[in-house]
Novice: 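A single structure is presented below for examination.
Values below: every heavy atom of this structure, side chains too, minus hydrogens, waters and symmetry copies. Predicted model only: the values in this text are computed from it and were never measured.
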Amino acid sequence: MEMDEREMTHLPLTLAVCFSAGLLLGFAYFTALRMTADLIVGQGRPLLALGLTLGRLGAMVAALYLAVLFGGLALLAALGGVLSAKAVLVGKARRAGS
């Protein structure tokens with residue numbers, strides 16, 4: 001499938017928006033994952049842990065589905081944002097543990 005000229009002019013903006021949205025989604029997702037792990041390890045409130053799990057998975061599915069609607073490159077940009085957020089948070093956790 002080929003892109004027309006109008007789609008090509010909007011591509012850089014679409015990719016930037018998808019990457020930024022993926023970055024925000026990634027920070028939210030992995031922060032919620034950390035909170036869920038802390039609740040499980042600390043024998044905290046199981047319903048809150050379940051709610052966080054369902055919420056983060058639902059948000060990830062919905063956001064990536066929206067990215068798919070804009071095409072494969074948009075999906076890859078969103079995924080790149082999510083993975084960038086993961087790298088930042090893992091690096092931060094390693095520095096805090098050292």
Side-chain angles (χ1 to χ4, degrees):
M1 182 163 100
E2 293 186 29
M3 291 188 198
D4 64 6
E5 186 176 328
R6 193 180 89 205
E7 289 174 340
M8 290 296 286
T9 58
H10 296 304
L11 186 62
L13 179 61
T14 300
L15 295 180
V17 168
C18 286
F19 180 83
S20 299
L23 196 62
L24 291 173
L25 175 68
F27 279 119
Y29 181 89
F30 291 109
T31 299
L33 178 61
R34 178 63 181 241
M35 292 170 60
T36 303
D38 290 343
L39 284 171
I40 292 170
V41 170
Q43 297 177 358
R45 303 181 344 218
L47 288 179
L48 180 58
L50 179 64
L52 282 170
T53 300
L54 294 175
R56 69 184 160 84
L57 290 174
M60 182 67 75
V61 168
L64 292 178
Y65 175 74
L66 286 174
V68 164
L69 295 178
F70 288 98
L73 290 176
L75 177 62
L76 289 174
L79 180 60
V82 170
L83 293 177
S84 296
K86 177 186 174 199
V88 168
L89 291 176
V90 167
K92 181 179 175 183
R94 284 187 180 156
R95 284 189 301 277
S98 299

Novice: Name the atoms and distances for all side-chain donor-acceptor pairs under 3.5 Å in residues 46-55, with sequence neighbours left out.
Specialist:
unit_1 : atom_1 : unit_2 : atom_2 : d
T53    : OG1    : A49    : O      : 2.9

Novice: Share the residues that join L24 in a hydrophobic cluster, the rule being Ile, Leu, Val, Met, Phe, Trp or Tyr side chains under 4.5 Å apart at the heavy-atom level.
Specialist: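 The other cluster members (ILVMFWY side chains, heavy atoms under 4.5 Å, direct or chained): none.
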Novice: Show the atom names and distances, to 0.1 Å, of all donor-acceptor pairs under 3.5 Å that link a side chain in residues 58-86 to residues at least two apart or in another chain.
Specialist:
unit_1 : atom_1 : unit_2 : atom_2 : d
S84    : OG     : G80    : O      : 2.8

Novice: Is there any salt bridge (Lys or Arg N to Asp or Glu O under 4.0 Å) pair reaching into residues 28-56, and which pairs are they, with sequence neighbours excluded?
Specialist: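 Pairs touching residues 28-56 that pass the test: R34-D38.
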Novice: Rest of the hydrophobic cluster containing V17 (Ile/Leu/Val/Met/Phe/Trp/Tyr, side-chain heavy atoms under 4.5 Å)?
Specialist: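 V17 shares its hydrophobic cluster with L13.
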Novice: Just grab all the salt bridge (Lys or Arg N to Asp or Glu O under 4.0 Å) pairs involving residues 18-32, residues at least two apart or on different chains.
Specialist: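 Salt bridge (Lys or Arg N to Asp or Glu O under 4.0 Å) check on residues 18-32 returns no pairs.
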Novice: With hydrophobic residues grouped by side-chain heavy-atom distances under 4.5 Å, do L33 and M35 end up in a single group?
Specialist: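 Different clusters.
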Novice: Taking the side chain as every heavy atom from C-beta outward, state whether V88 and F30 have any pair of such atoms under 4.5 Å apart.
Specialist: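 No, their side chains stay 4.5 Å or more apart.
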